[in-house]
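Below is one structure, written out as structure tokens, with a few remarks after it.
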Amino acid sequence: MLDIRLIRENPDFVRERLATRGGGDEAQIEEVLRVDAERRKTQTELQRLQSERNRLSKEIGGKKSRGEATDDLESSVHKIGEQIIDLNASANGLDGQQKDLLLEIPNLPHESVPIGKDPSANRVVRSWGEKPRLTEPADHVALGAKLKLFNLERAAKLSGADFICFTDAGAKLERALINFMIDLHTREHGYIEISPPFLVRRVCMIGTSQLPKFEADMYGLEENQLFLAPTAEVQLTNLHRDEILRVADLPKKFVAHTPCFRREAGAAGRETRGIIRVHQFDKVELVKITTPEKSYQELESLTIDAERVLQLLGLHYRVVELCTGDLGFGSAKTYDLEVWSPGQDAYLEVSSCSNFEDFQARRMQLRFKNRDGENRFCHTLNGSGVALPRLFVALIENFQQPDGSVRIPENLQPYFGASEIR
RNA sequence: GGUGAGGUGGCUGAGUGGUUGAAAGCAGCGCUUUGCUAAAGCGCCGUAGCCCAAAAGGCUACCGAGGGUUCGAAUCCCUCCCUCACCGCCA
């Protein structure tokens, strides 16, 4: 959520920055400003009347204690009370309207983000490793079938299209990857491991900005007013919702392994081959809660923490800085990690590391007390470290052997318990 | 699911209709005393919004949330949420 004062004081700046996203969101600014002006006007009048009521009520209290008559006063206060009820209703309505509008406006891109309207303007900032030399590589669907690592037909039997059921060595490989990643982030990168609930309240989904705008992409349990979290970003970032943290306790760094649930509405046919885009997948997620001063350096280190996973597994990848038009709704700046997939002959996004600045913190009233004793909104960041099905795809495709087996990278062997799958 | 007890400032905790934004304590900040530390004394110390060009200043709201009663609500009533305890059910 943007700061209404920023919009009020620098509307042109806000419009200009929003326009770089190319989503037409700048059009909403005029409406917000209109409601804001109306709201303040109403509030000022309301407060004037409330002040008057308080003054007269006090007078009544005084007179009563002296045994004097108060009938005239009481009836005039009663009249003011009726006006207050009306005005209060308008003020509340305008307040809600303003908030609803603000919740639908995306974050402003950071000034360092390249301007562009689609992924073609994204910037590759670095890459690591090299593509493996493979002659006619099999893709993960073929490899998975041959080695019986997962079974999509049977997953469909259970849950429908676009679900995964890992089997045998495949299930074990997934579990090995999870443990490998969590150990790495907790032991070497200083993250605290969290095992959160998977169902979350609406207010959390609003806090991290999945809602209200993207409700169609979420699975919800209507009766219970709960949602299946689409990413552990929701749980980890909301852990301290409505709190005022001590600056000495920052940054907070959390890692969690959770399933993630996404309806992927409207995504049919896009990147859906095999297990690349599914409705439920596991992910190891990293979240940081920090201060405005530190958040950009924390974004760099968060990205590097995620990259370590791919490096230790020996997978070629590149880091892409998203342009303004490709940025997620709440993000001010994002680096995607894209791992090489020989089977797709393309890079696959396995992590998206973002700094939300105070966008989410403002929505969830997540603050810290600075050294001057003032309450300030925290900055929040998150990134996958990393998403499992695509990591799985990259792993088996990159390390496939001419004889159809898959070599397990050395760093993973202690977790997997074998050096190959055949 | 049932019954009961609760939800007050960063924390603990008073407060059952009229200067209560809220006693007291802790924590925090400033000053004094002090060789240093500790201790003591004094003072300050909630959040959000609005008015004002700004500062100064003023006003309003906020005691889980939302409604209601009243001239006036932390205090009375209703609904909901959450926490705790016990019972039931249960991995």
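All chains are named by letter (A, B, ...) in the order of the sequence lines, taking the proteins before the strands, and each is independently numbered beginning at 1.
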Any A:N92 side-chain nitrogen or oxygen under 4.0 Å from OP1 or OP2 of B:G67: yes
Sugar-phosphate, base or nothing in reach of A:D72, heavy atoms under 4.0 Å: nothing
Sugar-phosphate, base or nothing in reach of A:I60, heavy atoms under 4.0 Å: base
Sugar-phosphate only, base, or nothing, as touched by A:R39 at under 4.0 Å among non-hydrogen atoms: sugar-phosphate
Centroid-centroid under 6.0 Å between A:F359 and A:F329 rings: yes
Value in whole Å for how far the P atom of B:C51 lies from CD of A:E52: 20 Å
Charged N-O contact under 4.0 Å between A:K172 and A:D168: no
Side chain to side chain contact (heavy atoms under 4.5 Å, CB included) partner of A:E298, the single match among A:L250, A:L381, A:N355: A:L381
N/O to N/O distances under 3.5 Å, protein versus nucleotides 72-83 of chain B:
| from | atom 1 | to | atom 2 | distance (Å) |
| --- | --- | --- | --- | --- |
| B:G72 | O4' | A:S57 | OG | 3.2 |

Atom CG of A:L6 with >12 non-hydrogen neighbours under 6.0 angstrom: yes
Donor on one side chain, acceptor on other, A:D305 and A:Y191, under 3.5 Å: yes
Closest listed nucleotide, where the reference is the side chain of A:Q43 and the choices are B:C71, B:G49, B:U47: B:G49
Sugar-phosphate only, base, or nothing, as touched by A:R8 at under 4.0 Å among non-hydrogen atoms: sugar-phosphate
Gap between atoms CD1 and C1', on A:I4 and B:G49 respectively (whole Å): 12 Å
Separation of B:U47 C1' from A:I244 CD1 (nearest whole Å): 8 Å
Sugar-phosphate only, base, or nothing, as touched by A:R367 at under 4.0 Å among non-hydrogen atoms: sugar-phosphate
Set of residues satisfying side-chain contact (heavy atoms from CB on, under 4.5 Å) with respect to A:R308, sequence neighbours excluded: A:L184, A:E188, A:H189, A:Q311, A:L312
Phosphate OP1/OP2 of B:C51: any A:R48 side-chain N/O under 4.0 Å: no
